[in-house]
Structures are given as C-alpha cells and as structure tokens.
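Counting from 1, the numbers follow the sequence of the chain as shown. Side chains are part of it too, since the values below use all heavy atoms of this structure and drop only hydrogens, waters and symmetry mates.
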Amino acid sequence: MQKSVFLAAVAGVGMTAGVASAATLDDVQARGTLNCGVNTGLVGFAAPNAEGEWEGFDVAVCKAVAAAVLGDPSAVEYVSLTGKTRFTALASGEIDMLSRNTTQTFTRDVDLKFEFTGINYYDGQGFMVPAELGVSSATELDGATICIQTGTTTELNLADYFRSNNMDYEPVPIETNAEAQQQYLAGACDVYTTDGSGLAATRAAFENPSEHVILPEVISKEPLGPVVRHGDNEWGDIVRWTLYALIAAEEYGVTSANVDELAEGTDSPEINRLLGTEGNFGEVMGLSSDWAVNAIKAGGNYGEIFARHIGEDTPVGLSRGLNAQWTEGGLMYAPPFR
C-alpha cells in the first residue's frame with residue numbers, strides 16, 4: 001500500500017511539473033509579446049537608440065527568443081532593471097526572462113531558484129581610472145574611493161581582492177551604470193569597478209574615452225547569460241537552445257544572409273536539423289519547425305551579433321578573446337543538434 005501511495009505522489013508531482021513547465025510559453029504565446037528584462041542602459045549591450053528603440057548584445061538575445069517563439073523579433077516588451085531589481089522582477093513573473101549581463105553563481109542558481117540557460121559572454125571584473133592619476137595596476141589602489149553597483153557580484157569580489165592584497169578602500173555605492181558614470185566623472189570616486197565589458201561600454205560613452213584607463217588586472221570569473229525561473233523546464237529549454245542555435249550557426253557558417261537558402265536543405269545533417277529540414281526539434285519544444293531560422297534572421301548568428309554591437313569595430317571595441325568559437329581557441333561551444 002505504501003509503495004502505491006509513493007508512486008501516486010511521484011505521478012502527481014510529475015503532472016504538476018508538466019503543467020507548470022508550459023506556463024511561460026503559454027503566457028508568451030497568448031500575450032503575443034515577450035517580456036524581457038534588460039539593463040537600465042549600457043552602450044553596446046542594452047540601451048535605447050536615438051529613435052528610442054532598444055538595441056545591443058543582450059537585446060539581441062531577447063529578439064532571437066521572440067522570433068523563435070512568436071516569429072517576430074519586434075514582439076518584445078523591454079523592462080529596464082537595476083542590479084537590485086532584476087531578480088525580483090523575474091521571480092514575480094513581471095518578466096519572462098532576464099537578459100542583462102548577469103553572472104551565474106551557485107547562490108543565484110540554487111538558493112534564489114533561478115536557472116541560467118547558457119553563457120553568452122565570458123567576462124571578468126576589472127577597474128577603470130582617470131589616466132591623469134598615473135595608475136598602471138590595481139595593486140596601486142590602496143586607499144582609493146571606488147564606485148560599485150549594489151546587488152552585484154562585484155561587491156564581494158572587490159572586498160576579497162583588497163583583503164587578499166592587504167589594501168583598504170572606500171566604497172561609493174551606486175545602483176545604475178548611468179549613476180556610476182555621473183559619480184565617476186564628477187570625481188566622487190577615484191575608480192569604477194564592474195565587469196570588463198561594462199567598463200569598455202561605459203568608457204565608450206564618455207566624451208573623451210582616451211582620458212580613462214582600464215587596468216590590466218581581471219580579478220574574477222563572470223560568466224554572463226540569460227536567466228529564467230526554476231521549475232519551468234520547457235521554457236528554459238527554449239531560451240537555452242535559442243542561444244545555442246545562434247552559437248552553432250556561427251560555427252556552421254549559417255548567417256542572416258544565407259539562412260533562407262540553407263533552410264532549403266544542405267549536405268550537412270547537423271545544419272538541416274538546426275534549420276528544421278530534418279527532425280522535429282521545433283515540435284518537441286512546442287515551436288514551429290523554422291524556430292531557429294527565425295532566431296538567426298532576427299539579428300544574425302552569435303558572431304554577427306557580437307561584431308555589430310560590441311566588437312572591435314564598434315565604440316565598445318571588444319575582441320572575441322574567450323568568447324571566440326571553440327574552433328578558434330575560445331570557449332563558445334554549442335552542444336550537438338542531434
């Protein structure tokens with residue numbers, strides 16, 4: 001009798017989980033828009049352009065997911081969030097996913113009950129100072145005042161680094177990147193610390209970027225990527241494999257320019273499965289067979305998105321580095337579509 005009760009309980013949990021897992025996909029499809037949490041404004045990653053339209057590296061992930069799910073990359077409602085408000089907005093259901101330079105950590109994944117659906121940028125925390133200070137290393141920052149965003153991993157990283165190097169500092173708490181820029185440029189702090197990509201994006205927005213130096217030290221690992229709620233496995237799969245589709249597309253030479261042609265069929269089974277001419281991957285996720293085609297057309301493959309928004313030919317000026325494809329010595333690697 002006890003065994004039967006146990007099996008019934010397991011079956012009940014499975015049924016409940018199955019219903020819950022479909023909730024976000026159903027909500028997005030019924031609503032006709034994706035609610036996507038982004039930064040309050042970070043050049044190259046997520047910021048409104050002159051026409052008031054959101055654009056950037058993280059915004060491109062929102063658009064790709066909207067295209068995969070709804071067939072329309074413009075069907076996105078952007079919700080700008082600070083480091084403090086982002087997790088509350090996700091947990092409460094205000095947003096369907098978070099695409100806001102967010103670091104995967106044990107606590108966020110396990111204790112806060114979120115699910116990271118892949119890494120779209122491998123980063124590390126750094127320091128930026130005015131060139132006129134003549135500082136060439138973070139080891140020279142003893143006694144400095146440092147602007148730091150609250151509610152981020154950078155707070156603990158900063159404390160650890162200064163303690164291990166027997167240095168003191170005075171924190172200047174700020175909530176948004178815009179506030180950090182203002183305080184830093186006004187001289188309220190000697191140093192601004194955040195992810196290296198964030199420093200490059202912030203400096204690119206300055207009137208005279210060359211007057212500011214990003215120091216060579218990288219003091220942490222900051223794997224950044226999209227986030228969804230725990231317990232919504234179907235939705236997590238969709239966001240995860242949309243990101244993987246963008247990464248795989250670059251590896252296989254599928255671009256926004258040739259994706260329609262390749263979607264007619266190729267000699268590569270992997271490309272055919274990715275683009276929906278073989279297999280039923282879209283159906284398995286509750287999407288159309290051309291979900292990945294739509295995602296790639298939304299803004300290009302991973303390499304196209306990187307180059308357009310934050311690459312070396314943009315004001316942000318980031319090299320691929322660790323974010324190069326695994327075939328090029330980087331860490332970008334999509335699991336097989338099989």
Side-chain angles (χ1 to χ4, degrees), residues 9-10 12-14 16-25 27-28 34-40 42 45-46 58 61-62 65 79-126 146 148-164 171 173-177 180 193-198 218-244 322 331 335:
V10 171
V13 171
T16 302
V19 172
S21 70
T24 305
L25 175 60
D27 288 347
V28 172
L34 171 72
N35 294 335
C36 198
V38 294
N39 203 294
T40 53
L42 185 62
F45 284 86
D58 288 331
V61 176
C62 302
V65 173
V79 182
S80 58
L81 300 166
T82 68
K84 276 188 173 181
T85 62
R86 55 185 164 176
F87 296 126
T88 302
L90 181 59
S92 69
E94 180 183 355
I95 57 174
D96 305 309
M97 61 176 286
L98 180 65
S99 184
R100 184 203 177 281
N101 54 318
T102 298
T103 302
Q104 180 174 1
T105 68
F106 177 94
T107 303
R108 291 172 176 178
D109 189 39
V110 179
D111 190 34
L112 295 185
K113 307 300 183 189
F114 294 125
E115 181 178 352
F116 286 78
T117 57
I119 297 166
N120 70 335
Y121 194 93
Y122 290 91
D123 211 341
Q125 185 174 337
I146 302 179
I148 183 166
Q149 289 190 53
T150 55
T152 67
T153 56
T154 54
E155 291 181 287
L156 182 58
N157 295 337
L158 182 66
D160 288 348
Y161 180 77
F162 271 72
R163 184 171 64 248
S164 64
I174 47 93
E175 286 201 25
T176 67
N177 193 65
T193 185
T194 190
D195 298 342
S197 62
V218 177
I219 67 169
S220 69
K221 294 182 293 184
E222 306 293 331
L224 312 178
V227 193
V228 298
R229 289 177 290 276
H230 257 329
D232 202 341
N233 297 337
E234 182 178 2
W235 181 246
D237 288 342
I238 289 170
V239 176
R240 177 181 301 105
W241 284 96
T242 298
L243 175 59
Y244 285 153
L322 294 177
L331 297 178

*Hey, could you give me the CZ/OG1 distance between Arg100 and Thr40, rounded to the nearest 0.5 Å?*
6.0 Å

_A side-chain contact here means heavy atoms from C-beta on lying under 4.5 Å apart; do Leu25 and Ile238 qualify?_
yes

*For residues His230 and Phe114, determine if any side-chain heavy atom of one lies less than 4.5 Å from a side-chain heavy atom of the other.*
no

*asked:* What I want to check is whether the side chains of Thr154 and Gln125 have a donor and an acceptor closer together than 3.5 Å.
replied: no

*Would you check, one step at a time, whether the test side-chain contact (heavy atoms from CB on, under 4.5 Å) holds for Arg108 with Phe116?*
CA-CA 9 Å; Arg108 291 172 176 178; Phe116 286 78; 3.9 Å; yes

*Between Asn157 and Thr153, is there a donor-acceptor pair closer than 3.5 Å when you use the side chain of the first and the backbone of the second?*
yes

*What are the two closest heavy atoms between Thr193 and Gly126, and how far apart are they?*
OG1-O, 2.8 Å

*asked:* Looking at every non-hydrogen atom in both residues, tell me the closest pair between Arg163 and Asp160 and how far apart they are.
replied: NH2-OD1, 3.0 Å

*Output the distance between atom OH (Tyr161) and atom CG (Leu156), rounded to the nearest 0.5 Å.*
15.0 Å

*From CG (Asp237) to OH (Tyr244), nearest 0.5 Å*: 10.5 Å

*Apply the side chain to side chain contact (heavy atoms under 4.5 Å, CB included) test between Leu98 and each candidate in Leu81, Val228, Thr117; give the one that qualifies.*
Leu81

*Taking Asp96 for the side chain and Asn35 for the main chain, is one N or O donor matched with an acceptor at less than 3.5 Å?*
yes

*Got a second to check how far Asp111's CG is from Phe106's CZ, nearest 0.5 Å?*
8.0 Å

*Spell out, as yes or no, whether a donor-acceptor pair under 3.5 Å connects the side chain of Thr82 to the backbone of Glu175.*
no

_Ala23 to Asp232 - nearest heavy-atom pair and separation_ = N-OD1, 4.3 Å

*Would you indicate whether the side-chain heavy atoms of Ser197 and Phe45 approach each other to under 4.5 Å?*
yes

*asked:* I'd like to know if the side chain of Thr152 reaches the main chain of Thr150, judged simply by a donor and an acceptor atom lying under 3.5 Å from each other, with no hydrogens or angles considered.
replied: no

_Pro335 side chain reached by Trp241 side chain, heavy atoms, under 4.5 Å_ = yes

*Would you say Arg86's side chain and Gly83's backbone share a donor-acceptor pair under 3.5 angstrom?*
yes

*Measure from the side-chain N and O atoms of Arg229 to the backbone N and O of Glu115, and report whether any donor-acceptor pair falls under 3.5 Å.*
no

*Working to the nearest 0.5 Å, report the span between CZ of Phe87 and OG1 of Thr102.*
5.0 Å

*Verdict with reasoning, Asn39 to Asn101, per side-chain hydrogen bond (donor to acceptor under 3.5 Å, both in side chains)*: CA-CA 8 Å; Asn39 203 294; Asn101 54 318; 3.1 Å; yes

*Is there side-chain contact between Gln149 and Asn177, with heavy atoms separated by less than 4.5 Å?*
yes

*Where do Val218 and Gly124 come nearest, in terms of heavy atoms and distance?*
CG1-CA, 3.6 Å

*With side chains defined as the heavy atoms from C-beta onward, is the minimum distance between Ile119 and Leu224 less than 4.5 Å?*
no

*Indicate yes or no for a side-chain donor-acceptor contact from Thr103 to the backbone of Glu222 under 3.5 Å, with no hydrogens or angles considered.*
no

*Search all heavy atoms of Gly225 against all heavy atoms of Asn120 and return the closest pair with its distance.*
CA-OD1, 3.4 Å

*Residue pair Val227 / Leu90, side-chain heavy-atom distance below 4.5 Å*: yes

_Pairwise distance OG(Ser220) to CG(Leu158) - rounded to 0.5 angstrom_ = 10.5 Å

*Between Asp123 and Gly196, is there a donor-acceptor pair closer than 3.5 Å when you use the side chain of the first and the backbone of the second?*
yes

*Would you mind reporting whether Thr24 and Glu234 have side-chain heavy atoms less than 4.5 Å apart?*
no

